[in-house]
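None of the values given here were measured: they were computed from a predicted structure. By convention in this document, chain letters (A, B, ...) are assigned in the order of the sequence lines, proteins followed by strands, and residues within each chain are numbered from 1.
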Amino acid sequence: MFSQLPEFLVNPNPDIYRSSNYVVLDFECTNLEHGSPLNKDNRLVLTAWRDRNGQHYNWKGELDQSELVAACNASDFIVSHNAKFELQWLERCGYDIGSRPVYCTLVAEWVLCGNIRKPLNLDDVLERYGLGHKDPIVSRLIKSGVCPSDIPRSMLLRYGLTDVRLTERLFDRQMGLMHGTRLLPVVYTRCITIPPLADIEKQGLHLDAARVELEYDRTVAAYAEVMEQLEGISEGINPQSPTQLAQLIYGRLGFEEKCDNKGVPIRNKPTKQFPKGLPKTDEATLLSLGAKTDEQRRFIELKKEQGKLSAALNKNLSMFIGACREHDGMIYAELNHGRTVTHRLSSAGRRTYYKMFDDYKGCQFQNLPRQYKPLFSPRHEGWLFGEADGSQLEFRVAGHLGNDDVIRQEVRDGYDVHTFTQEVISRAGKAISRTDAKAHTFKPLYGGTSGTRAEKAYYAAFKDKYNALTTTQDDWCFEVGATKKLETEWGMRFYFPEAEFSRDGWLNCKTNVYNIPVQSFATADIIPIGLTYFWHRTRDAELMLVNTVHDSIEAEFPPHERELFELTAVEALTHDVYSYLDRVYNVQFSVPLGVGMVIGRHWGELEQNEEEIKINVETPYG
DNA sequence: ATACGGTGCGCC
DNA sequence: AAATGGCGCACCGTAT
């Protein structure tokens, strides 16, 4: 039932990058949307590559690249800087992007930098390595908007071949730098994710036009209503202007600013109008001000509503309605490596022109409001939308990294962690609902300590209950304090050059040290590994992967592939992960992983009489 | 006019 | 002197 996995996932082995049989690539293309291969109006201008037989090039465009594709098919892996881009072009050339691994010098550089942000574009990286630079004249032409198709061929060819040569030297230098480290397996993990990402970006997400129209109308009406009522109190101020809002709230409406324990107001950074700091006007602050008069209460309520409706309209609904009316309900986004310090993926919207706004709009795919998930539906009539997420993923990863038997036992027992939070906080004197307690459950996992007396009692109880984890995290802090860096169990390295212990024993970057390894292993390794196996295991199916949001993957499929989705999600997000971590990282993952699945006609919506599927899978190590 | 930093807010 | 982490986008105000 599953598609056949390629050898590099059946027997994943980063040593493949030591083979001398590889192809280094660099392509030049027309420059709409920065040359995106997903833009059908772009075409390839020049392909340049280097393999065991020397250097080659071709001016013939994406439909006539059989020589290039043959060179790729004869290689063990493909090298390029920002390989997602070249893979998307190669697919248009007829190459099977899942057939062999890539080595992306951009992604490898990201891994070498760990959590330190540095520019990852080829020129800057070459500069740091002292490897020279790309041809500055052609670089400047392209950067200033000249289409490569208008650049003289002799100049462009020299530029392309130079890029190939320099990329190969960079690859060589990176391999040298990784010698004696355990970073190459991390690079392997990042790189096997690139073909699935290249594919997902191509698909986009599909909106249900009827639902979007309804929600849009409802929200526009609600927004008009709120604005009219606000007008009665705020007399013409712009409620989205922090400065105008600050004047109103702390002026005529008579609110008192929140102060720290020395009586100094807690403010944002100074502006021209507010040289002593701009008073805060975000929702959390407004709710904490303690409205006393009827007018104050009414204003806070209305402003809260206005903020939400305005964000919903501007960030999502107006664009959704444009997509439904002008683009068949489709919206598109990128999924990028190289942005985050924890090595999670990040998403960025692909800005698209809408006639009805005479403007470009885009939205990323990882912060869509949950309430709007049901606005999305499969693009094909009768198909299903499925979401699979890693149950309590970061908590379980913390349990493994912290070697914490209490977490292991609670996961196996299906223990309700939030009820524990509720009970401890309530017992400490402040009755609280389970829902409200949820916000506190994992705060101490990331080093959170401040709060009310009852909340602090819970944080202490957490550290006590999971003392093995706490000890591990404190050990990380000691290592960071002593060496300014942390090498994790799976080989990834994080750097904290500013780390200092204060006299009272507080490490200045403690919360980062507590958080980064957990978040990284869970959402930069485990989920991408699962996503990759899922993609390869379903390649022969009609099913398409359409998104991934940190601990989840989303897909559209016909009803007869429902079982395929369910079985593959469990296989890929549990068994495949255990096996990959063991073989590539020599990590025997020791807490059961779980998968939760919601399948229906819309994203996040179950069919009637159906429930979310939840499955835990025991580790192979008992 | 355009660029940029700050703020606010959505997600995990 | 600070005490949960990580992002990207729309909007505002300010600088150029």
Side-chain angles (χ1 to χ4, degrees), chain A residues 115 117 237-246 260-262 267-274 277-286 303-304 306-319 333-336 338-351 359-373 387 389-390 392-395 398 439-451 455-456 459 462 473 494 500 502-520 522-524 527 547-552 604:
Chain A
N115 54 327
R117 287 173 192 276
I237 74 146
N238 177 354
Q240 298 192 165
S241 158
T243 51
Q244 294 178 39
L245 205 54
D260 64 17
N261 45 22
K262 286 184 203 139
R267 290 186 172 174
N268 292 323
K269 299 207 167 156
T271 68
K272 208 172 187 179
Q273 274 185 64
F274 294 91
L278 175 63
K280 292 175 83 70
T281 56
D282 61 291
E283 185 188 325
T285 301
L286 296 189
K303 170 57 198 153
K304 190 176 138 193
Q306 184 276 335
K308 297 220 178 304
L309 290 169
S310 145
L313 277 172
N314 292 320
K315 294 173 82 91
N316 295 117
L317 287 174
S318 61
M319 182 193 171
E334 299 173 346
L335 288 167
N336 289 320
R339 302 279 200 280
T340 64
V341 304
T342 56
H343 283 228
R344 273 184 171 186
L345 298 168
S346 76
S347 174
R350 274 181 68 197
R351 293 169 64 81
D359 202 1
Y360 286 83
K361 286 177 180 291
C363 77
Q364 57 139 310
F365 281 0
Q366 294 185 325
N367 71 349
L368 296 161
R370 264 176 301 180
Q371 63 181 113
Y372 290 160
K373 283 184 181 179
E387 174 174 76
D389 74 348
Q392 300 177 302
L393 184 65
E394 293 191 13
F395 180 56
H440 301 284
T441 298
F442 296 122
K443 183 169 156 181
L445 174 60
Y446 304 122
T449 56
S450 69
E455 287 162 9
K456 284 180 173 170
Y459 304 149
F462 180 100
Q473 288 177 306
F494 298 108
E500 292 290 346
S502 65
R503 232 169 285 159
D504 62 1
W506 178 269
L507 185 72
N508 55 359
C509 53
K510 171 177 171 172
T511 54
N512 279 309
V513 175
Y514 263 50
N515 177 40
I516 288 179
V518 177
Q519 188 185 114
S520 188
T523 59
I527 291 297
N547 198 12
T548 173
V549 191
H550 307 311
D551 70 349
S552 70

(request) Tell me what A/K510 touches on the nucleic acid: a base, only sugar-phosphate, or nothing, going by heavy atoms under 4.0 Å. (result) nothing
(request) Using a 4.0 Å heavy-atom cut-off across all strands, classify A/K303 as base, sugar-phosphate, or nothing. (result) nothing
(message) If I take atom NE2 from residue A/H343 and atom CD1 from residue A/I516, how far apart are they, to the nearest 0.5 angstrom?
(response) 9.5 Å
(request) Please check if the side chain of A/K373 supplies one atom and the backbone of A/L368 the other of a donor-acceptor pair under 3.5 Å. (result) no
(request) Classify the nucleic acid contact of A/T281 as base, sugar-phosphate or nothing, counting any heavy atom under 4.0 Å across all strands shown. (result) sugar-phosphate
(request) Establish, with yes or no, whether the OP1 or OP2 oxygen of C/dG13 is under 4.0 angstrom from a side-chain nitrogen or oxygen of A/S241. (result) yes
(request) Mark yes or no for whether A/S502, through its side chain, and A/W506, through its backbone, hold a donor-acceptor pair below 3.5 Å. (result) yes
(message) Let's see if you can work this out: which of C/dC9, C/dC12, B/dC12 has an atom nearest to the side-chain heavy atoms of A/H550?
(response) B/dC12
(message) Classify A/G362 by what it touches in the nucleic acid, base, sugar-phosphate, or nothing, heavy-atom distance under 4.0 Å.
(response) sugar-phosphate
(request) Give A/E394 one of three labels, base, sugar-phosphate or nothing, depending on what nucleic acid heavy atoms sit under 4.0 Å from its own. (result) nothing
(message) Using a distance-only criterion (donor-acceptor N/O pair, under 3.5 Å, no hydrogens), is the base of C/dG5 paired with the side chain of A/Q519?
(response) yes
(request) Describe the nucleic acid contact of A/K269 in one word from base, sugar-phosphate, nothing, applying a heavy-atom distance below 4.0 Å. (result) sugar-phosphate
(request) Can you check whether any acceptor in the base of B/dG8 is under 3.5 Å from a donor in the side chain of A/D282, or vice versa? (result) no
(message) Under 4.0 Å, counting only non-hydrogen atoms across every strand here, what does A/R350 touch: a base, just sugar-phosphate, or nothing?
(response) nothing
(request) Assign A/S310 to base, sugar-phosphate, or nothing according to its heavy-atom contacts below 4.0 angstrom with the strands shown. (result) nothing
(message) Taking atom types as they are modelled, would you say the side chain of A/D504 forms a donor-acceptor pair with the base of C/dA1 within the 3.5 Å cutoff?
(response) no
(request) Without swapping roles, check the side chain of A/N508 against the backbone of A/E500 for a donor-acceptor pair under 3.5 Å. (result) yes
(request) Look at the side chain of A/S347 and the backbone N and O of A/F365, then say whether any donor-acceptor pair between them is shorter than 3.5 Å. (result) yes
(request) Take A/T243 and A/T340, find for each the nucleotide of DNA chain C with the closest heavy atom, and name the residue whose nucleotide sits nearer the 5' end. (result) A/T340
(request) Look at all strands and tell whether A/R503 reaches a base, only sugar-phosphate, or nothing, counting heavy atoms closer than 4.0 Å. (result) nothing
(request) Identify which nucleotide among C/dA10, C/dG6, C/dT4 has an atom closest to any side-chain atom of A/K315, counting heavy atoms from C-beta outward. (result) C/dA10
(message) When the P atoms of C/dA3 and B/dT7 are compared, how many Å lie between them, rounded to an integer?
(response) 15 Å
(request) Please work out if A/V518 contacts a base, only the sugar-phosphate, or nothing of the nucleic acid, heavy-atom cut-off 4.0 Å. (result) nothing
(request) Side chain of A/N512 only, please: which of C/dG6, C/dG8, C/dC12 is the nearest? (result) C/dG6
(message) Please classify the nucleic acid contact of A/N508 as base, sugar-phosphate, or nothing, using heavy-atom distances under 4.0 Å.
(response) nothing
